[in-house]
Amino acid sequence: MRVLTVSDVESEYLYDYYAPGKLDGIDLIIACGDLSVEYLEFLVTLADVPLLYIHGNHDDKFKREPEGCICIDDKFFEYNGVRFVGLGGSYRYKEGKYMYSERQMKFRIQKLWFKIRRHGGFDVLVTHSPARHLNDLDNHTHRGFECFNKLLERFKPKYFFHGHVHTNYGARIPRRCEHNGTIVINATDHYFLDVEV
C-alpha cells in the first residue's frame, strides 16, 4: 500500500505547487496533526483516497472537522487488513484541548487495550507526539510520551508515524529510523512510503 503521511507543515510541494499526477498511485493518506481543515480537504479531494487523521496540539482551533476524512483519534481502525491505532495530542505544556499529561495519555491507551488485544495487536501507531527519547526534544513543549515506548515494546507494530517535532528544529532529527523492528517516520511536511504488513 502506497501511503502519504503529512503533519504540522502544509507542504508547498503538494499544496502551492500542486500539479495533476502528484498524488497518483497513493492508496491512503495519514495526517498526524496540526494541519488546517482546508488542507486536509484539499488532499482527500484531489487524491480521491481515504484520509485518516488524528489531532495535533494546535487543532483546538478547528471550527469543524474536515469533511471526507476519517478521525482515528482514540480509536482502533482497520483499513484493507492494516490495523491502526490513533493517539493525537502532545505532552501538556499549557492548557489546551489536545494536550495531555503522561498519566492521561496512559489512560487513553488503557481504554484501547481490549480492542488491541482482541485483534492480536496493531500494525501502525499514528500519533502527533513522538515517543520519549525517540525523535523528541529535551524541552517540555516537544517531549515525547513514555507510554508510547511501552506500547511499541509490547505490540511491536511494523510502523510508527508521528509529527510535532519539525525537521527544521535540528540537524539530528531523522525523517526515518528504526526502533526495535518498528519503522519510525517523522511525518512533518510530507513523506511517501510503501507500507507492507
Side-chain angles (χ1 to χ4, degrees), residues 1-73 75 77-80 82 84-90 98 123-130 134-137 141-142 144 157-178 182-197:
M1 181 165 36
R2 184 75 170 155
V3 172
L4 165 64
T5 63
V6 292
S7 186
D8 296 281
V9 177
E10 294 174 356
S11 170
E12 289 184 4
Y13 172 77
L14 297 175
Y15 206 22
D16 299 338
Y17 304 111
Y18 179 79
K22 278 194 177 178
L23 298 176
D24 286 357
I26 298 295
D27 300 303
L28 183 66
I29 301 170
I30 299 171
C32 297
D34 283 352
L35 294 167
S36 72
V37 167
E38 294 77 18
Y39 181 66
L40 296 180
E41 290 174 345
F42 169 84
L43 290 175
V44 77
T45 300
L46 291 178
D48 195 27
V49 299
L51 187 153
L52 311 180
Y53 73 96
I54 48 93
H55 296 101
N57 56 299
H58 296 298
D59 286 342
D60 49 5
K61 65 181 183 261
F62 274 13
K63 301 265 190 296
R64 60 182 175 82
E65 296 297 313
E67 290 182 24
C69 303
I70 302 164
C71 182
I72 63 166
D73 222 342
K75 292 181 184 151
F77 183 83
E78 192 166 342
Y79 175 72
N80 280 357
V82 181
F84 295 87
V85 167
L87 293 161
S90 76
Y98 300 113
D123 304 301
V124 183
L125 177 60
V126 181
T127 69
H128 181 61
S129 285
L134 180 60
N135 297 348
D136 69 344
L137 298 177
T141 308
H142 297 97
K158 183 80 175 176
Y159 300 94
F160 173 28
F161 303 144
H162 72 82
H164 193 51
V165 181
H166 301 203
T167 53
N168 65 350
Y169 287 175
R172 294 189 177 176
I173 298 169
R175 276 302 247 164
R176 179 180 176 136
C177 64
E178 192 171 315
T182 298
I183 296 168
V184 182
I185 302 294
N186 182 338
T188 302
D189 193 302
H190 74 280
Y191 191 85
F192 293 96
L193 76 154
D194 293 311
V195 168
E196 300 172 9
V197 292

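FYI, the numbering just counts along the sequence from 1.
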- Rounded distance (nearest 0.5 Å) linking atom CD1 of I185 with atom OH of Y191: 4.5 Å
- Query: Heavy atoms, side chains only, cut-off 4.5 Å: are V126 and L52 in contact?
  - Reply: no
- Listed by chain and number, what are the ring pair (Phe, Tyr, Trp, His ring centres under 6.0 Å) partners of F160, not counting sequence neighbours? H162
- Task: Evaluate the side-chain proximity of L134 to C177: yes if any heavy-atom separation is below 4.5 Å, no if none is.
- Result: yes
- Item | 4.5 Å side-chain heavy-atom contact, D136 and S129 | no
- Task: List in chain and number order the residues that pass salt bridge (charged side-chain N to carboxylate O under 4.0 Å, His left out) with R64, two or more places apart in sequence or in another chain; answer none if no residue qualifies.
- Result: E41
- Counterpart residues, salt bridge (charged side-chain N to carboxylate O under 4.0 Å, His left out), relative to D194 (two or more places apart): R2
- Item | Closest non-hydrogen atom pair between Y98 and E65, with its separation | OH-OE2, 4.5 Å
- With sequence neighbours excluded, residues passing salt bridge (charged side-chain N to carboxylate O under 4.0 Å, His left out) with E38: none
- For the side chain of K63 and the backbone of V37, is there at least one donor-acceptor N/O pair under 3.5 Å apart? no
- Query: Does some side-chain heavy atom of I29 sit less than 4.5 Å from a side-chain heavy atom of V49?
  - Reply: yes
- Quick one: closest heavy-atom pair of L23 and A47, and the distance? CD1-CB, 3.8 Å
- Message: Taking CG in D48 as the centre, count heavy atoms belonging to other residues, nucleotides or ligands within less than 6.0 Å. Is the count above 12?
- Response: no
- Item | Pairs meeting criterion salt bridge (charged side-chain N to carboxylate O under 4.0 Å, His left out) with involvement of residues 3-13, two or more places apart | none
- Counting only N and O atoms by type, is there a donor-acceptor contact under 3.5 Å from the side chain of N186 to the main-chain atoms of V165? yes
- Message: Just so I know, are the side chains of H55 and C71 near enough to count as touching, which here means a heavy-atom distance under 4.5 Å?
- Response: yes
- Note on the structure: Shortest non-hydrogen pair, G163 vs S7, comes out as CA-OG, 3.3 Å
- Look up atom CG in D27 and atom OH in Y79, then write down how far apart they are to the nearest 0.5 Å. 6.5 Å
- Query: Under the side chain to side chain donor-acceptor pair (under 3.5 Å) test, which residues partner H128, sequence neighbours left out?
  - Reply: D34, N57, H164
- Task: Could you pull out all residues at least two apart from F42 that satisfy ring pair (Phe, Tyr, Trp, His ring centres under 6.0 Å)?
- Result: Y15, Y18
- Can you list the residues that meet the salt bridge (charged side-chain N to carboxylate O under 4.0 Å, His left out) rule with D59, with sequence neighbours excluded? none
- Message: If the condition is side chain to side chain donor-acceptor pair (under 3.5 Å), which residues does S11 pass it with, not counting sequence neighbours?
- Response: D189, H190
- Item | With sequence neighbours excluded, residues passing side-chain contact (heavy atoms from CB on, under 4.5 Å) with C69 | L40, V44, L51, Y53, P66
- Task: For residues I183 and R176, report the shortest heavy-atom separation together with the two atoms involved.
- Result: CD1-NH2, 3.6 Å
- Message: For the CG atom of L43 and the CG atom of L35, what is their distance to the nearest 0.5 Å?
- Response: 8.0 Å
- Find out whether L125 and L87 are in side-chain contact, i.e. whether some heavy atom of one side chain is under 4.5 Å from a heavy atom of the other. yes
- Apply the test side-chain contact (heavy atoms from CB on, under 4.5 Å) to residues L14 and V6: give CA-CA distance (whole Å), side-chain angles for both, the deciding distance (0.1 Å), then the verdict. CA-CA 10 Å; L14 297 175; V6 292; 4.2 Å; yes
- Message: S90: which residues meet the side chain to side chain donor-acceptor pair (under 3.5 Å) condition with it, sequence neighbours left out?
- Response: none
- Query: What residues form a side-chain contact (heavy atoms from CB on, under 4.5 Å) with V3, not counting sequence neighbours?
  - Reply: M1, T5, L28, I30, L193, V195
